[in-house]
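First up is the structure itself, then whatever we jot down about it.
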Amino acid sequence: MNTFVRGLAAAALTIPLMAAAPAVAEPAPVKERVSMAVSSAIDALPVGKENRAGYKRTKFKHWIDADRDGCNTRQEVLVQEATEEPKVGPGCTLTDGQWLSYYDGKTTDNPRDLDIDHMVPLAEAWDSGAAGWDAKTRERYANDLGSPQSLVAVTAKENRQKADKDPAEWWVSAKSASCMYLADWVATKTRWKLTIDEAEKKALTDRAARCPTTRVNTDIAAN
């Protein structure tokens with residue numbers, strides 16, 4: 001997904017009987033705006049050891065219909081990121097749209113081909129600070145429509161290969177997507193004030209050296 005496509009995906013879509021853009025009933029409150037070089041954003045992230053003790057996916061309630069418009073978070077992301085406007089039918093079924101999975105550069109007109117990836121997977125978020133959040137904050141994180149980096153429509157194959165791996169363990173397959181993925185990962189960790197471990201920091205720093213003009217732009221969620 002290049003800059004043009006991301007802008008298109010984020011633009012309001014005119015869809016009959018629906019709001020032009022997804023709304024969130026209880027958005028994550030915003031503390032401040034961050035805009036800096038990705039290398040500086042990496043350096044600003046706190047380093048800590050990961051601990052998955054107590055993690056369960058069910059502790060992150062997700063794919064809710066926060067604004068009660070009939071579309072859950074998965075469907076809202078598909079509407080946001082469509083490169084060609086879909087028709088929205090009963091039960092928020094989407095047809096006649098088109099999507100680009102920026103991780104691998106694949107396009108599809110079938111939303112069933114796509115998973116919605118949590119940029120920083122739920123298990124990784126738990127390891128990095130979400131274990132200390134309350135249930136409502138974890139719900140906001142798992143359904144974060146307030147930042148285009150947080151949730152991404154990608155092919156099921158890429159999402160399942162990534163699973164809960166961090167950048168020391170997995171990277172996007174499309175070379176053209178590398179700097180965007182770097183910025184999106186760092187932006188999400190920054191937005192939610194999550195830590196990184198030593199191996200993750202090294203992997204991010206190595207990637208940043210190949211993306212000298214890449215910047216991180218995000219709002220900090222007051223979690």
Within the distance-only criterion (no hydrogens, no angle test), does the side chain of [X] pair as donor or acceptor with the backbone N or O of [Y] below 3.5 angstrom?
{"X": "Trp126", "Y": "Ala53", "answer": "yes"}
{"X": "Arg191", "Y": "Asp219", "answer": "yes"}
{"X": "Lys106", "Y": "Leu100", "answer": "no"}
{"X": "Ser178", "Y": "Lys175", "answer": "no"}
{"X": "Lys202", "Y": "Ala168", "answer": "no"}

Less than 4.5 Å apart, side chain to side chain, heavy atoms only: is that true for [X] and [Y]?
{"X": "Ile220", "Y": "Thr190", "answer": "yes"}
{"X": "Thr107", "Y": "Trp99", "answer": "no"}
{"X": "Arg33", "Y": "Asn217", "answer": "yes"}
{"X": "Arg215", "Y": "Ser35", "answer": "yes"}
{"X": "His118", "Y": "Phe60", "answer": "no"}
{"X": "Ile196", "Y": "Asp166", "answer": "no"}

Working to the nearest 0.5 Å, report the span between [atom1] of [X] and [atom2] of [Y].
{"X": "Asp109", "Y": "Leu94", "atom1": "CG", "atom2": "CG", "value": "12.5 Å"}
{"X": "His62", "Y": "Glu139", "atom1": "NE2", "atom2": "CD", "value": "11.0 Å"}
{"X": "Ser150", "Y": "Asp184", "atom1": "OG", "atom2": "CG", "value": "9.0 Å"}
{"X": "Thr73", "Y": "Asp67", "atom1": "OG1", "atom2": "CG", "value": "8.5 Å"}
{"X": "Lys201", "Y": "Leu45", "atom1": "NZ", "atom2": "CG", "value": "8.0 Å"}
{"X": "Gln149", "Y": "Asp144", "atom1": "CD", "atom2": "CG", "value": "9.5 Å"}

Any chain of hydrophobic side-chain contacts (each under 4.5 Å) joining Leu151 to Ile64?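 Different clusters: Leu151 never reaches Ile64 through Ile, Leu, Val, Met, Phe, Trp or Tyr contacts under 4.5 Å.
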
[Y] versus [X], side-chain donor and acceptor atoms under 3.5 Å:
{"X": "Glu200", "Y": "Trp185", "answer": "yes"}
{"X": "Arg140", "Y": "Thr137", "answer": "yes"}
{"X": "Glu158", "Y": "Ser173", "answer": "yes"}
{"X": "Ser40", "Y": "Asp43", "answer": "no"}

Could you report the tightest heavy-atom contact between [X] and [Y], atom names first, then the distance?
{"X": "Pro167", "Y": "Ala203", "result": "O-CB, 3.6 Å"}
{"X": "Ala125", "Y": "Leu194", "result": "O-CD2, 3.8 Å"}
{"X": "Arg74", "Y": "Pro111", "result": "NH2-O, 3.0 Å"}
{"X": "Gly70", "Y": "Gln75", "result": "O-OE1, 3.9 Å"}
{"X": "Leu122", "Y": "Ala142", "result": "CD2-CB, 4.2 Å"}
{"X": "Ser101", "Y": "Leu114", "result": "CB-CD2, 4.5 Å"}

Under the ring pair (Phe, Tyr, Trp, His ring centres under 6.0 Å) test, which residues partner Trp133, sequence neighbours left out?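 By the ring pair (Phe, Tyr, Trp, His ring centres under 6.0 Å) rule, Trp133 matches Tyr141, Trp192.
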
Output all residues satisfying ring pair (Phe, Tyr, Trp, His ring centres under 6.0 Å) with Trp170, sequence neighbours left out; order by chain, then residue number.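 For Trp170 the ring pair (Phe, Tyr, Trp, His ring centres under 6.0 Å) partners, ignoring immediate neighbours, are Tyr103, Tyr181.
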
Filter on ring pair (Phe, Tyr, Trp, His ring centres under 6.0 Å), then keep only pairs touching residues 73-92, sequence neighbours left out; what's left?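 Every pair satisfying ring pair (Phe, Tyr, Trp, His ring centres under 6.0 Å) with a residue in residues 73-92: there are none.
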
Does NZ in Lys59 sit with more than 12 non-hydrogen atoms of other residues, nucleotides or ligands closer than 6.0 Å?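 Yes, because the 6.0 Å sphere around NZ of Lys59 holds more than 12 heavy atoms from other groups.
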
Answer yes or no: does atom NZ of Lys165 have more than 12 heavy-atom neighbours from other residues, nucleotides or ligands under 6.0 Å?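 Yes, the 6.0 Å shell around NZ holds more than 12 heavy atoms from other groups.
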
Between Lys162 and Asp115, does a salt bridge (charged side-chain N to carboxylate O under 4.0 Å, His left out) hold up when you go through it step by step? CA-CA 12 Å; Lys162 175 182 174 181; Asp115 285 350; over 6 Å; no

